[in-house]
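Remarks on the structure that follows.
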Amino acid sequence: MSTFSAPVVVAVIPARGGSKGIPGKNVAPVAGVSLVGRAVRACRGSDRVTRVVVSTDADDIAEEARRYGAETVVRPAGLASDTASSESALLHALDVVEERHGRRTDVLLFVQATSPFLTTEDVDGVVGAVLDGGADSAFTASPFHGFVWRGVREEGQRAVVAAEGVNHDSAERLRRQDRPEEFLETGAAYAMRAQGFRDHQHRFFGNVAAVPVDPARTLEIDDPADLERARALAGLLDAPRFPTRADVDAVVLDFDGTQTDDRVWIDADGHETVVVHRGDGMGIARLHKAGVPVLVLSSETNPVVSARARKLGVPVIQGTLSKDVELRKWYEAEGIDPGRILYAGNDVNDLPCFELVGWPVAVADAHDIVRERARAVTTSRGGHGVVREIAAHLLGKAL
């Protein structure tokens with residue numbers, strides 16, 4: 001009687017530190033999740049991937065990779081320079097993983113963290129092309145219909161002179177449907193037979209397959225403008241998801257603009273009054289009942305904040321210009337994993353806290369850049385039941 005052993009598919013994500021174009025690029029957040037975290041998440045979502053490995057020379061990248069469930073390989077300095085090839089890092093990681101686990105790799109999956117909109121479906125596509133489709137190597141490719149030109153541009157001149165067509169005859173303008181199908185390599189994911197990769201030491205060999213992916217998600221982050229573009233697009237391209245109780249161990253709430261509508265009434269004596277939502281009080285009470293710690297964190301020193309926190313029975317930290325410093329002190333003292341903290345905010349002073357936690361959440365009317373960098377956005381505006389909505393997401397029917 002024979003036993004079936006599933007193919008071993010190892011995903012390797014090379015992510016070195018020391019990026020010159022974007023310092024800290026691989027841990028830079030897009031919609032609240034670091035680039036390396038997004039790559040790990042896409043790979044771990046695939047049932048066909050046996051293990052996910054991040055090869056890095058940087059401690060912060062390794063910590064972030066482990067936070068999202070990947071194992072790590074220490075990348076030697078000689079393989080982490082600007083001139084070192086991706087193939088050299090892949091071969092090294094492959095050797096380490098096979099020695100560590102004592103199993104031969106059947107398919108090597110090479111994923112680049114600089115492609116933030118890679119999906120699990122894309123991963124399955126390239127792996128399936130090798131395992132099921134008879135390809136020796138496969139890559140994600142965007143259908144391409146542009147006319148490509150090559151030319152020479154003299155230094156200091158804007159115009160390209162002596163331009164000539166590359167993928168077309170400039171004297172004959174064929175319609176799109178009459179031209180051969182072409183693809184643009186996205187740089188996001190490659191799958192290859194591991195032994196073939198060892199033999200050729202290159203990602204392309206034998207029968208090469210292009211696996212079409214959605215052109216709208218084709219983006220490589222090479223410079224700061226690319227990163228800002230990714231953050232702006234994330235709300236449109238990422239599958240909407242709000243955390244549940246299984247994702248979150250604690251909730252931290254900004255006050256002004258989150259639990260209020262950011263307006264203040266001032267009487268003749270200078271006393272301030274704000275409006276809060278009664279539903280938020282019930283939401284906090286139910287979070288308490290479910291055993292979820294709640295903290296109010298405000299940069300303002302205001303008796304209104306103290307009074308509200310006192311009525312709700314939650315601790316409050318206020319009057320700090322460095323909210324992230326106080327947040328870090330709190331979760332370290334409480335022994336809470338920051339990756340399992342939901343932080344809700346609305347303005348730019350919340351962004352440092354966003355980078356510390358696993359679930360940065362923006363209110364519906366938050367500043368544009370705050371919504372771009374949030375992992376989730378509420379449907380409620382500040383002061384209109386934000387906390388009640390968050391509690392409903394976390395607790396579901398238990399609310």
Side-chain angles (χ1 to χ4, degrees), residues 11 13-45 52 54 56 58 60-70 111-123 140 142 186-189 213-243 247 324 338-348 350-364 366-378:
I13 305 168
R16 66 185 182 89
S19 171
K20 293 182 174 62
I22 308 175
K25 176 173 67 176
N26 285 307
V27 293
V30 171
V33 181
S34 64
L35 291 180
V36 71
R38 293 173 75 92
V40 170
R41 191 173 62 181
C43 294
R44 280 178 51 83
V52 182
V54 172
T56 185
D60 59 339
I61 295 175
E63 181 181 352
E64 187 73 356
R66 289 190 290 267
R67 174 180 172 185
Y68 283 92
V111 169
Q112 301 211 79
T114 48
S115 295
F117 300 117
L118 174 73
T119 67
T120 296
E121 290 72 26
D122 298 337
V123 168
T140 50
S142 172
T186 70
V213 298
D214 183 0
R217 291 188 283 101
T218 300
L219 174 63
E220 283 191 273
I221 295 180
D222 293 319
D223 57 43
D226 295 329
L227 182 59
E228 292 308 313
R229 190 176 301 115
R231 287 168 171 166
L233 289 171
L236 299 174
L237 299 179
D238 282 348
R241 185 191 172 209
F242 216 95
D247 304 305
D324 55 322
R340 295 182 57 80
I341 293 176
L342 183 153
Y343 180 97
N346 75 303
D347 215 335
V348 293
D350 295 307
L351 292 178
C353 293
F354 271 27
E355 296 188 7
L356 290 178
V357 303
W359 284 98
V361 173
V363 301
H367 191 285
D368 289 348
I369 194 172
V370 177
R371 292 199 309 275
E372 289 171 9
R373 299 196 183 183
R375 192 171 177 182
V377 179
T378 65

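The two residues Gly32 and Pro360 have their closest heavy-atom pair at CA-CG, 3.5 Å. What you find for Asn346 and Asp350 is that their closest heavy atoms are N-OD2, 2.9 Å. Nearest heavy-atom pair, Leu35 versus Ala113, reported as atom, atom and distance to 0.1 Å: CB-O, 3.5 Å. In plain terms, the two heavy atoms of His367 and Asp347 that are nearest each other are CB-OD1, 4.1 Å. The two residues Phe117 and Ala234 come nearest to each other via the heavy atoms CE2-CA, 3.8 Å. Scanning both residues, Ile22 and Asp222, for their nearest heavy atoms gives CD1-C, 4.2 Å.
Scored by the ring-ring contact (aromatic ring centres under 6.0 Å, His included) test, Phe242 finds His393 as partners (sequence neighbours excluded). In this view, Asp324 satisfies the salt bridge (charged side-chain N to carboxylate O under 4.0 Å, His left out) rule with no residue, not counting sequence neighbours. Residues that satisfy the side chain to side chain donor-acceptor pair (under 3.5 Å) test with Asn26, not counting sequence neighbours, are absent from this structure. Residues forming a side chain to side chain donor-acceptor pair (under 3.5 Å) with Thr186 (at least two apart in sequence, or on another chain): Thr140. Contacts of Arg41 classified as salt bridge (charged side-chain N to carboxylate O under 4.0 Å, His left out), with partners at least two apart in sequence or in another chain: none.
Here the OG1 atom belonging to Thr119 is positioned 4.5 Å from the CZ atom belonging to Arg217, to the nearest 0.5 angstrom. For the atom pair OG1 of Thr218 and CG of Asp214, the computed distance is 7.0 Å after rounding to the nearest 0.5 Å. Between the CD1 atom of Ile13 and the CD atom of Gln112 there is a distance of 10.5 Å, given to the nearest 0.5 Å. To the nearest 0.5 Å, atoms NZ (Lys25) and CZ (Arg16) are separated by 7.5 Å.
Contact annotation: the side chain of Tyr68 never approaches that of Val52 to less than 4.5 Å [non-hydrogen atoms, C-beta and beyond]. Side chains of Val370 and Leu351 form a contact here, defined as non-hydrogen atoms less than 4.5 Å apart. Within the 4.5 Å cutoff, side-chain heavy atoms of Arg375 are placed close to those of Val33.
Within the structure, the side-chain hydrogen bond (donor to acceptor under 3.5 Å, both in side chains) test picks out the following pairs touching residues 28-37 (sequence neighbours left out): Ser34-Glu64.
At least one donor-acceptor pair under 3.5 Å links the side chain of Thr378 to the backbone N or O of Ala364. No donor-acceptor pair closer than 3.5 Å links the side chain of Asp122 to the backbone N or O of Leu118. Proximity of a side-chain donor or acceptor of Glu372 to a complementary backbone N or O of Arg231 within less than 3.5 Å is not detected.
Salt-bridge annotation for Asp238 and Arg38: present, with a side-chain N of the basic residue lying under 4.0 Å from a carboxylate O of the acidic one.
Around atom CD of Glu228, more than 12 heavy atoms belonging to other residues, nucleotides or ligands sit under 6.0 Å away.
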